[in-house]
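Every chain is numbered from 1 and lettered A, B, ... according to where its sequence line falls, protein lines coming before strand lines.
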Amino acid sequence: MASVALPAPRKTTSRNYLNAATTVKSWLLTTDHKRIAILYLISISVMFVLGGAAAGLIRLQLLTPNNTLLTYDAYNKSFTMHGVIMVFFFLIPSIPAVLGNFILPMQLGAKDLAFPRLNLLSWYVYMVGAIFTLVALLWGGVDTGWTFYTPYSTQYSATAVIPVGLGVFIVGFSSILTGLNFIATIHTMRAPGLTWFRLPLFIWALYATSLVIMLGTPVISITVLMVAIDRILHVGIFDPALGGDPLLFQHLFWFYSHPAVYIMILPTMGVISEIFATFSRKPVFGYPFVAMSSLAIAILGFLVWAHHMFVAGISAQSALIFSFLTYLVAIPSAVKTFNWTATLYKGSISLDTPMIYALSFIGIFLIGGFTGLFLASLGTDIHLTMTYFIVAHFHYIMVGGAIFGFLAGLHYWWPKMTGKMYSEFWGRISSVVIFIGFNMTFFPQFIAGYWGMPRRYHTYAPEYQILNVLSTAGATILAVGYILPVIYLLASLRNGKPAGNNPWGATTLEWQTSSPPPTYNFLKTPIVTDAVYHFHLPAGDIAVDGHGDGQALGPGSAPATPALPAKTTDER
Amino acid sequence: MATHSPETTHGHEGGTAHHVTSSRLLIMTGGALLVLTVLTVAASFIDLGALNDVVALVIAITKALLIIFIFMGLRWSTQIPRLLSLVGLFMLLLLIIATLSELLTRVWVPLPGH
Amino acid sequence: MAQQVARPTVPAVPRAAAPIEAEHHVEHLGHHYESLDQQHHANMVGMWVFLMTEILLFGGLFCAYFYYFAAYHEVWMEATRLQNIVAGTINTAVLIISSMFVALAIWAVQTNRIRMAQILLALTIVCGLIFLVIKGYEYYSHFTEGLVPGAMFQWEGPAEMKRPAQLFFWLYWVMTGLHAAHMVIGISIIGFILYKTMKRTYSPAYFTPVELGGLYWHLIDIVWVFLFPMLYLMGGHYGQ
Amino acid sequence: MSAESFWSYLFAKSTTGRQVDILFWTLILVTLAFSIPIVGTLTYFVFKYRRKSPDEVPPQIHGSNLLEITWTGIPLIMALGFFFFSATTYLHMVVPPANAMDIWVIGKQWMWKTQQPDGQWEINELHVPVNTPVRLTMTSQDVIHAFYIPAFRTQWDVLPGRYSTMWFQATEVGTYHLYCSVYCGTEHSEMVGWVTVMDPGDYEKWLAGKAATASAAGQPVQTPAQQGEALFQSNGCATCHVQAGGGIGPSLKGVAGSQVQLEDGSTVTADDTYLRESILQPAAKVVKGYPNVMPSFQGRVTEEQIIALLAYIKSLK
Ligand code: HEA
Ligand code: HEA
Ligand code: CUA
Ligand SMILES: [Cu+2]
């Protein structure tokens, strides 16, 4: 069978997954992984705006120490909805379900994911979960915090815990379907020659993520279900007054929710690896170590959950063990960080928008990660736990880390997804605005936390005001920063320049087909003959568009020369 | 026609594609499972102290292994299902053992009044 | 790693079992797969991963069970004794036999005994239904005896044990309930497969769905193999 | 009351707090020691190796095992070092000194009640003498709370149905924030108060003054043990628990802190949690040689009363 991808159509007006059919029905019943990715992109963006609106309310309330903008309950509901929406409905699906869905089959040289219908089902399940949660919001909201701690959530809270619990339960299955699809696809649908150690690092990261999803998500599903059931029966499975034990709930909750933080960061790390390679035109330094560190994070990530319970009353013995293991899980992250840095050494570095995001990611992730170590240290955690220090820690990783990674990936693959180039100028501006706004929002929270300001506080002592004002001001800048990409990315759909197949000169397979790709991605299954991220021009003469006659194609045989700056790629 | 994945040229990733488990073996396994069921019920009527629980669990594990290896064909499958079931089992044990070990060590640091 | 790499193309070895021809016309082959073989592998990997997830879904409940088992050992013994061990034992046997039927059904399809496969699948469903009926009977008698956690809970044992005993029955209902829900899904799946078998969809050349359904059914069986000792036996029945 | 100034806050006001500070600032140094070089190197590379021509192909460097070992090994060793450093601090923080003064704390939505050793209760306030180890024994009447004194760099969860303890030794006279740091419902942010650290002399005067006001108001102060003794009589405990022995129940003399043989052959340490359970769920752990006849007092005694009963039982030496 022919093993060569034929030259992709050169004009973006050719047939592709976007214009193959245009009815609403063709979108709602699609099984094309690329279309499902777009559906997900739209849904999670809506959820992000909702979560962001809640964040806006939080920040406005905290502008003054005894603000009465929100009532106590309204405030509590705001941060709960903010946490629930951002974690379960935005960040967890963000990179896997949008970028992963779109890119993973293409990077494998496959026509689609292994189970396209399950993939569509996963989106519908997500929507049902989201609707449950939003209905609960209209119902009066929920005020337990995203952690649903018992016995408050089972016996005391008078809010819509059950609908939100069911929403989280349901959305869990959408992650499970995505993870299942990814694992099966990576195992069985790789292009000929694409051996495990030729896989792009994004694939490795998604593989590790999927494992965590498959092993962790069912536990949170059953746990929130238990909370919901107990709210009906009031037997007190987690209520000490009735013989239950709240620490059991915490164990079960964090058994998932700690690994979940790696569900959020691992895909980001994969994106960063891709971008560092492409924009420095070098293989990722220490590829096998970076690949394996993803798996190491996935596995070690399951061994540390009780670090969220250091002062909750767990045994001192367990606290020591879990603290120790938490230190260990930092090592693979360290390995990645160092390898990324080394990748730039003697590279050919181009500071395009995705790269600016990726570089900011490193700086911010370092701060977020190291403050994680402050919390892993038993001595300091006893002081810092439940304060704004934690809020700052996880926003540094989740907003500064994961969202920067998501934006980096979105800007990196946008030309592939839409066939259009966005405005590089506005891209750079917005990345800088977001960077400044972000640090201004969350850095003061480290200080507030160290100073003792507890989290989930509706009012606070006056001495913290200056820090909170800074933080609110930063959040305003951040909001503007987030609106910018929405504008210029959407604008690029209308008047963006055609992107060409491979505007960045990348080597992975998704760049070997046209932009936007045809419905089955490749006209012929590609064959891979070389390690990924190989930027040398092979001795032969492969044409600039990456399609030599009869030559096998794939990572490594990609051209090193197409790197005309993105803005001028339209002639290709 | 080219196989898609390099691995599939060496073996099946998915499982017992072409193995046929003989009906005799299946029936014998079913019989063994029934015998074990009778055994476990019988054992529960004898006072073995704490051993009762151990016996019940050991028999259950044996039964589960029979089902997994013979009915589900893990015995003849390739690495992937084995690895996956091992990982699942490991996580299950991790969850239970780590949680219980925390529960059972809980009063390690002396409380006041000592 | 070498700087200059020009490895030969991985030879494309055709698989013996894969029907070749034009890929769009192979029966049962999803359009996005390259071969039936690949499709089979993908399905099997997918199913095993799914089973892994299922284990951990029950895992949360198992963890809760053992947690309180360790905390309230005496109560657990006391409560176990209220269970209907006869019904439990029969149900265990019924499930094991049904599992055997499914395994045999796969064997029958593989060896082209389609008629026999139909009978075996039908028997599996019958076993599944028997299980549910017996379970329903047990639920009913628990209900009349007041062994339902919540406001209606009635407890004859020592008063201090009432609360932990309620926890036991809470776990009992939720665990067996979740298991029964799986049974209902399992029966529907087997029913669908039976229907397809009647339509002669499966043959020794293509029987992946039968295998998948079988795997799911076995998992349900395995869960019960643990639920049975945990909810009916542990703590012991001597002295009854 | 006054706010806490940041500069004075920078120095912890308790003995263990100082250790936490040392740990904290060391970690800050380590963070800087790693982050500055990493970010510096990145910046340097970005400028040094920026793309010079569109078709530039840099040398393809794949990796170096030596480097990998180095940058796995060094963080690993540092991580181990920090683990031991932080673990020792932690052990200091969780093991109270034997001679600590006992304070009882009850949290409920949304207030703190604290009880001085002489039996006086305070609401949302806690007065303690300086330079004296203080042990808090805490429980909650509803949901989980946490008792947090940032200036002492310590906090602990307060759970219903169980006692948790924490301790500190204040090193400086002053007034410090007291927070509830675990989210506990609507007015979680109002569950705040002040910890006042006083000179021992002032503290005694304060106690005496408070007691005098109370007696003047017709509510003479009793020690928890005295209150407990009264409860022990009024609840009928004394009918079964005869301290000289020979009652239906075991004598409770010296039981606190001892090893108790149970009916099922195991032994437990009679700590607060055990004693509490023995009162609320006597059947959960039955003492060897005694019938399981003690009624449950769940719902019949309040948290405050249990605290008093425990104080009384502990006074039976
Ligand atoms: C994407 C999300 C994400 C990620 C990736 C992380 C990563 C880490 N987190 Fe974080 N964390 C959260 C999200 C995340 N966290 C959230 C949401 C919470 C709060 C939940 C709540 O209560 O609401 C939380 C809370 C939290 C706690 C609990 C605090 C408490 O409640 O008391 C702890 C404690 O150990 C912790 C530790 C860590 C550690 C050690 C890492 C590590 O993985 C970080 C590793 C990275 C580095 C260390 C940087 C790079 C390393 C080097 C450059 C080498 C040098 C290294 C050494 C010298 C060791 N986190
Ligand atoms: C992915 C996760 C994620 C993300 C992206 C964010 C984003 C932000 N978060 Fe959040 N946060 C959490 C996860 C996340 N957070 C979690 C898990 C908690 C804990 C909850 C709990 O305690 O239970 C938390 C808690 C939390 C708190 C602490 C509340 C408390 O403890 O009392 C604060 C306070 O400042 C905060 C602020 C912000 C801000 C300013 C942003 C900004 O980055 C957001 C900026 C985005 C926008 C502003 C949206 C852009 C859209 C528009 C501008 C449209 C405008 C529309 C309208 C306003 C109608 N978050
Ligand atoms: Cu009490 Cu928060
Ligand atoms: Cu964590």
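For a residue to count as touching a neighbouring chain, one of its non-hydrogen atoms must lie under 4.5 Å from one of that chain's; by this rule D:Leu80 touches chain A with the side chain only. For chain D, the nearby part of A:Thr387 is the side chain; its heavy atoms alone come within less than 4.5 Å. Using a 4.5 Å cut-off between heavy atoms, D:Gln109 touches chain A through its side chain atoms alone. Only the side chain of D:Tyr9 comes within less than 4.5 Å of a heavy atom in chain A; its backbone stays farther off.
Taking the ring-ring contact (aromatic ring centres under 6.0 Å, His included) definition, one finds that A:Phe322 meets it with A:Trp305, sequence neighbours left out. Legend: residues meeting side chain to side chain contact (heavy atoms under 4.5 Å, CB included) with D:Ser189, ordered by chain and number and at least two apart, are A:Tyr72, A:Tyr457, A:His458, A:Thr459. Taking the side chain to side chain contact (heavy atoms under 4.5 Å, CB included) definition, one finds that A:Asp381 meets it with A:Phe310, A:Leu375, A:Thr385, sequence neighbours left out.
Residues of residues 21-28 of chain D that come within less than 4.5 angstrom of chain A, heavy atom to heavy atom, are D:Asp21, D:Leu23, D:Phe24, D:Trp25, D:Leu27, D:Ile28 in numerical order.
Between D:Ile38 and A:Ile362, the closest heavy-atom pair is CG2-CG2, 4.5 Å. Nearest approach of D:Tyr90 to A:Ala316, heavy atoms of both residues: OH-CA, 3.6 Å. In terms of heavy-atom proximity, D:Ser64 sits nearest to A:Phe285 at N-CZ, 3.7 Å. When every heavy atom of A:Ser280 is checked against every heavy atom of D:Pro58, the shortest pair comes out as O-CG, 3.6 Å.
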Test log, rule side chain to side chain donor-acceptor pair (under 3.5 Å), inputs A:Asn339 and D:Glu68: CA-CA 8 Å; A:Asn339 278 307; D:Glu68 300 291 342; 3.1 Å; yes
side-chain contact (heavy atoms from CB on, under 4.5 Å) between D:Met93 and A:Leu378, intermediate numbers included: CA-CA 10 Å; D:Met93 294 171 88; A:Leu378 285 160; over 6 Å; no
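Taking the six-membered ring for Trp, A:Tyr149 and D:Tyr183 have ring centres at least 6.0 Å apart. Aromatic pair A:Tyr327/D:Phe82: ring centres not closer than 6.0 Å.
With hydrogens and angles ignored, the 3.5 Å screen pairs a side-chain donor or acceptor of D:Gln155 with a backbone N or O of A:Ile382. Between the side chain of A:Asp73 and the main chain of D:Thr186, no donor-acceptor pair closer than 3.5 Å is present.
Between D:Phe45 and A:Tyr345, the angle of the ring planes lies from 30° to 60°, which puts this pair in the tilted group.
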